[in-house]
K.L.:
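This is the structure I want to talk about, given as structure tokens.
All values derive from a computational prediction rather than experimental measurement.
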Amino acid sequence: MKKGDHLFLIDGSGFIFRAFHALPPLTRKSDGLPVGAVSGFCNMLWKLLTDARDTSVGVTPSHFAVIFDYSARTFRKDIYDAYKANRSAPPEDLVPQFGLIREATRAFNLPCIETEGFEADDIIATYARKAEAIGADVTIVSSDKDLMQLVTANVHMYDSMKDKQISIAEVIEKWGVPPEKMIDLQALVGDSVDNVPGIPGIGPKTAAQLLEEFGDLDGLLARAGEIKQVKRRENILAHADQARLSRRLVELRTDVPLDLNLDALVLEPQDGPRLIGFLKAMEFGTLTRRVAAACDCDADAIEPAALHVEKAEAAHGPDLDAADPNAGPSAAPPARAGARGKDADVTGETSPAELAKSRADAFATAKIDKSCYVTIRDVEALDDWIRAASETGLIAFEAEATSIDPMQAELAGISLSLADNTHTPAGGEICSAYIPLGHKSGASDLLGGGTSENQLSMPEALERLKPVLEDASVLKVGHNLKFAYLLLKRYGIVVKSYDDVMLMSYVLEAGKGGQGLDSLSERWLGHIPMTYKEVAGSGKAGVTFDMVDIEKAMTYAAEKVDLALRIWLVLKPRLVAERLTAVYERLERPMVATLAEMEERGITIDRQILSRLSGELAQKAAAFEDEIFQLAGERFTIGSPKQLGDILFGKMGLPGGAKTKTGQWSTSAQVLEELAAVGHELPRKIVDWRQLTKLKSTYTDALPGYVHPQTKRVHTSYSLASTTTGRLSSVEPNLQNIPIRTTEGRKIRTAFISTPGHKLVSADYSQIELRVLAHVADIPQLRQAFADGVDIHSMTASEMFGVPVEGMPADVRRRAKAINFGIIYGISAFGLANQLSIERSEAGDYIKRYFERFPGIRDYMENTKAFAREHGYVETIFGRRAHYPDIRSSNPSVRAFNERAAINAPIQGSAADIIRRAMVKMEGVMSKAQLSARMLLQVHDELIFEVEDAEIEATLPVVVSTMEQAAMPAIAMRVPLKVDVRAAHNWDEAH
DNA sequence: CTCGCTAGTCG
DNA sequence: CCGACTAGCGAGG
């Protein structure tokens, strides 16, 4: 150790007692072993080891040790027999945790120090003084007053639970004397807990005053006769020896023989797998996840460690304070160690599945009590909630705003929900609060409504909330967190460490129903929540949330977070039980921040181009309308399929083809094309008119309306949980269906442009779904074709029809291409016949021939169907599940439809997983390569970036390799992935 | 004003 | 034949 180093000394014994009383009585899930203090201890160590700079310690440790009391007689007992004789046995629930905390220390690869005959405090004192002598700085992690005598300019204390540093000034503030006089002060005051006698009638205030006047204890005892107060003078004179004895008891020894010298305390790197093994054995899921992420380990692959400590008897914890001190609504958070009911988790569960079940059962019937919801209107109450969140490390939150568009919304308020003990679901206290921040006075105010009275100022509240929202050691729970994430990012808060119950449910139940908070609440809690409409009205009578009466808003907002927290408690163990944690952690949760950033960036569109196109389309469409009315002999609504059908198949008597499922004549493009092909003029013009009006109404007219007033860009919103297969979807506007297949439509893409000095880069996977098929079904010819880089449709045509690839007629290839797509879609003769406009029997022959050539594909399809029938779901190569409950339907067409979807889902879903992996990795890859490329859009198999001109050349290969390697290392694909990439100033030319 | 239907855009 | 979203129409509240 040298000058400038920084030694952290953890008062392990002190921490155990304090954590035991301050933290919720957490028990290990599987056997009810009390582990609350161990959990708090591990979280603290992790935070100090990874994040100490961000705490109020403000420095990173170079040396680190955890010090414990050696549970035997100490030298103080020899001095004074009654020393610590008042101490009662530690609480029953704490006993097994002593050993576990020592194990935890070793699992963190930290020195675990204890010396017979000395208390932890003496060892700490010895190390601190030695380090100080060398010129190193010391932080003692403890809030014990007995250690305050050690504080100097270079030795500080740190209260980890309050995140507060204790330096000279804090000691003076608290005790009225500087640290070096703490020994004398304690000698005068005594300590009834430790049986340090002191002098009767002298408390901290008097002691400080006396020391101020007489300098120190010796000075005081020598001149005690000068004291005016009779009783006080007599007490001091009578108990002078007692005070001297007390001083010997409280003064810490700095000469303890040390087994490890200072250099041996140097901070060693973490042994990730070992630590994860311990944390898994303790069932500390959140911390396991964090550690795994930090050390880039796969937690799922690590076995829980075998603990050396004897497993305690599974027992209920003691019923601490039975009464709830916070009965009745108040703006105070639920008591930390307060009332708790039956601990449903301790009733003998042994497996994650059983825990998941008991949680689900407990919550399915738990009553939701809205009477405990509160409004936070003052800083004190807010601070109480924030402190409680920091202590429990878990809080549900939601941002309420004036719009469902996070790019336009203004914050109206924030709701919070805390559980006093996350492992006492049914009986535990879950309570919620709403912090109104931007509410306006009601509409009755003719002046238009000013800011409502009696709410916290938004900047002040956000300043206080920011640290906890950005604190990686406090898990934030929410529903559809991307909304709050993006909204708060606009307010300067970047939420760190979160769980999204919408995504958790999506991973568990995609295909089984909606993932809205209302659906989840009904499904898991049997509770139907208030609707937004009930609170804010709708349509003409609707108001923005900031105009809603605060009491009403509070109930609605507080209920939402209450539900989110309960759903989290139900779903979190289910993820583990169903072995879906990796899917959630790798493919879902990281997408929240990735997509929020893409949405925030948006893309520039050229409104002039769109406006010019709109004009052209309007002119052309008008010309078609005239001609259509001429040919029809009357004016009618061309856009009405019903009216159009009457004209074509009624009045004009054309041969009607297909009917829709409601019995109407179909006027689909396919029907009209067939009529046009046999020489009818009107259907052709209808088809053309439809194309023009579609382009105009859906794109050229609509897109400019989405340009953001401030950013001047278009910000789509991606939905992470609306498809069964794992694909994203894009809304408001949908930027995943911008035209490309016709030259007219394609022009719209020229309106998507890069900012000056930049280009748009489009990178798309080539044939990713067929490659996935070749991988999962393991088809030799397909694998070979992709390995050789040959045209896959030509290869298919060649195999099926015996036509050489060289000089293949375009039509033969077209048919093979349709068959290839059909295969991915769970082919049917009906569908293929429709697609190719051929007879169903002919399509059937094609399929038969295809399966003869590629029997592995038929096997894959049959196996997938059988799996889906048996399990009700299918899986992607990364383990994502897509559920098809109707695959067992007795209705043959419903069943067949579900079978086709089930065949398609692993293919489409695996491709979706691959591009998700690429997206999650992309940002880190770019920053590592010191490139500033910004990912803007995702279109299923394509990513669009905006890249500075000077960096294009360097960026393209990075994009390509990140995308092509995206399946690795989780899956080594049997076929290569191929990515095509181009840069240009607009999307049309880049694609 | 809401909702289902038809149609058409994309991968 | 798979997966999405949106516009316009028109029926029903």
Side-chain angles (χ1 to χ4, degrees), chain A residues 510-511 533 538-542 636-645 658-672 686-687 689-699 701-703 706 716-719 722-742 744-746 748-749 764-769 773 818-836 840 843-844 846-847 861 874 882 884 893 896-909 911-912 915 937-942 991:
Chain A
K533 272 191 212 167
S538 71
K540 218 173 133 192
F636 65 103
T637 307
I638 308 171
S640 162
K642 188 175 179 297
Q643 290 185 38
L644 178 62
K659 293 268 187 83
T660 69
K661 60 186 161 198
T662 54
Q664 294 277 329
W665 289 113
S666 170
T667 64
S668 69
Q670 190 174 348
V671 169
L672 300 183
I686 301 286
V687 169
W689 176 88
R690 277 196 184 150
Q691 192 206 3
L692 298 172
T693 53
K694 176 75 176 179
L695 295 176
K696 184 169 184 292
S697 67
T698 309
Y699 302 104
D701 287 353
L703 282 173
Y706 289 102
T716 184
S717 175
Y718 289 102
S719 171
S722 57
T723 69
T724 303
T725 56
R727 272 195 178 180
L728 303 180
S729 73
S730 156
V731 291
E732 289 184 332
N734 180 358
L735 295 185
Q736 291 180 321
N737 72 345
I738 303 302
I740 192 168
R741 291 174 188 173
T742 66
E744 200 68 29
R746 213 179 164 120
I748 291 164
R749 293 203 168 211
D764 68 300
Y765 283 106
S766 165
Q767 307 288 4
I768 188 168
E769 292 190 348
L773 176 67
I819 293 166
N820 276 334
F821 274 95
I823 293 297
I824 290 168
Y825 296 155
I827 202 154
S828 77
F830 179 83
L832 185 63
N834 263 341
Q835 181 66 30
L836 289 174
R840 193 138 26 129
Y846 283 177
I847 295 170
M861 289 182 159
V874 290
Y884 294 94
S893 66
F897 175 79
N898 278 275
E899 285 172 353
R900 292 193 297 270
I903 288 167
N904 172 256
I907 304 169
Q908 187 185 109
I915 197 166
L937 303 177
Q938 190 249 40
V939 192
H940 309 308
D941 65 355
E942 175 187 14
H991 187 80

K.L.:
Starting at CD1 of A:Ile768 and ending at P of C:dG3, how long is that distance when rounded to a whole Å?
P.N.:
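Computing the A:Ile768:CD1 to C:dG3:P distance gives 18 Å.
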K.L.:
Treat primed atoms plus P, OP1 and OP2 as sugar-phosphate and everything else as base, then score nucleotides 5-13 of chain C 5' to 3': B for base contact with protein heavy atoms under 4.0 Å, S for sugar-phosphate contact only, - for none.
P.N.:
BBSSSS---
K.L.:
With a 4.0 Å cut-off on heavy atoms, is A:Ala912 in touch with a base, just the backbone sugar-phosphate, or nothing at all?
P.N.:
nothing
K.L.:
Choose from B:dC10, B:dG8, C:dC1 the nucleotide whose nearest atom is closest to any side-chain atom of A:Tyr825.
P.N.:
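Between B:dC10, B:dG8, C:dC1, the one nearest the side chain of A:Tyr825 would be C:dC1.
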K.L.:
With a 4.0 Å heavy-atom cut-off, tell me which residues in residues 899-909 of chain A come close to DNA chain B, sorted by residue number.
P.N.:
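Of all residues in residues 899-909 of chain A, the ones placing a heavy atom under 4.0 Å from DNA chain B are A:Gln908.
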K.L.:
List in chain and number order the residues that pass side-chain hydrogen bond (donor to acceptor under 3.5 Å, both in side chains) with A:Gln908, two or more places apart in sequence or in another chain; answer none if no residue qualifies.
P.N.:
A:Thr725, A:Asn904
K.L.:
From the list B:dG8, C:dC2, C:dG3, which nucleotide is the closest neighbour of the side chain of A:Arg727?
P.N.:
C:dG3
K.L.:
Starting at CD of A:Gln670 and ending at C1' of B:dT6, how long is that distance when rounded to a whole Å?
P.N.:
15 Å
K.L.:
Are A:Leu672 and A:Arg690 packed together at the side-chain level, in the sense that at least one heavy-atom pair is separated by less than 4.5 angstrom?
P.N.:
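Heavy-atom side-chain distance check passes, below 4.5 Å.
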K.L.:
Tell me what A:Arg690 touches on the nucleic acid: a base, only sugar-phosphate, or nothing, going by heavy atoms under 4.0 Å.
P.N.:
sugar-phosphate
K.L.:
Where the side chain of A:Ser538 is defined as all heavy atoms beyond and including C-beta, which of C:dC1, B:dT2, B:dT6 is the nearest nucleotide?
P.N.:
B:dT2
K.L.:
Between B:dC1, C:dG3, B:dA7, spot the one nearest the side chain of A:Thr660, thanks.
P.N.:
B:dA7
K.L.:
May I have all residue pairs that pass side chain to side chain donor-acceptor pair (under 3.5 Å) and include part of residues 825-834 of chain A, sequence neighbours excluded?
P.N.:
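Output for this query is empty, none listed.
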K.L.:
Among C:dA4, B:dA7, C:dC1, which nucleotide sits nearest the side chain of A:Ser668?
P.N.:
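Of all the options, the side chain of A:Ser668 is nearest to B:dA7.
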K.L.:
Among C:dC1, B:dT6, B:dG8, which nucleotide sits nearest the side chain of A:Asn834?
P.N.:
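Looking only at heavy atoms from C-beta outward on A:Asn834, the closest nucleotide is C:dC1.
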K.L.:
Apply ring pair (Phe, Tyr, Trp, His ring centres under 6.0 Å) to A:Phe636 and list each qualifying residue two or more places apart in sequence or on a separate chain.
P.N.:
A:Phe629
K.L.:
Could I get the full list of side-chain contact (heavy atoms from CB on, under 4.5 Å) partners for A:Ser538, not counting sequence neighbours?
P.N.:
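Result, side-chain contact (heavy atoms from CB on, under 4.5 Å) vs A:Ser538: A:Lys533.
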K.L.:
In terms of side-chain heavy atoms of A:Gln691, which of C:dC2, B:dT9, B:dC10 is nearest?
P.N.:
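Given the options C:dC2, B:dT9, B:dC10, the side chain of A:Gln691 is closest to B:dT9.
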K.L.:
Report the residues that fulfil side-chain hydrogen bond (donor to acceptor under 3.5 Å, both in side chains) with A:Ser730, sequence neighbours left out, ordered by chain and then residue number.
P.N.:
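With sequence neighbours excluded, A:Ser730 shows a side-chain hydrogen bond (donor to acceptor under 3.5 Å, both in side chains) to A:Thr716, given in chain and number order.
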K.L.:
In whole angstrom, what separates A:His991's NE2 from B:dC10's C1'?
P.N.:
10 Å
K.L.:
Identify whether any heavy atom of A:Glu769 sits under 4.0 Å from a base atom; if not, whether one sits that close to sugar-phosphate; answer base, sugar-phosphate or nothing.
P.N.:
nothing
K.L.:
Base, sugar-phosphate, or nothing for A:Phe897, non-hydrogen atoms under 4.0 angstrom?
P.N.:
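Counting heavy atoms under 4.0 Å across all strands, the contact made by A:Phe897 is with sugar-phosphate only.
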K.L.:
By ring pair (Phe, Tyr, Trp, His ring centres under 6.0 Å), which residues pair with A:Trp665, not counting sequence neighbours?
P.N.:
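A:Trp665: ring pair (Phe, Tyr, Trp, His ring centres under 6.0 Å) contacts with A:Phe649.
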K.L.:
Under the salt bridge (charged side-chain N to carboxylate O under 4.0 Å, His left out) rule, what pairs show up with a residue in residues 727-737 of chain A, not counting sequence neighbours?
P.N.:
A:Arg727-A:Glu769
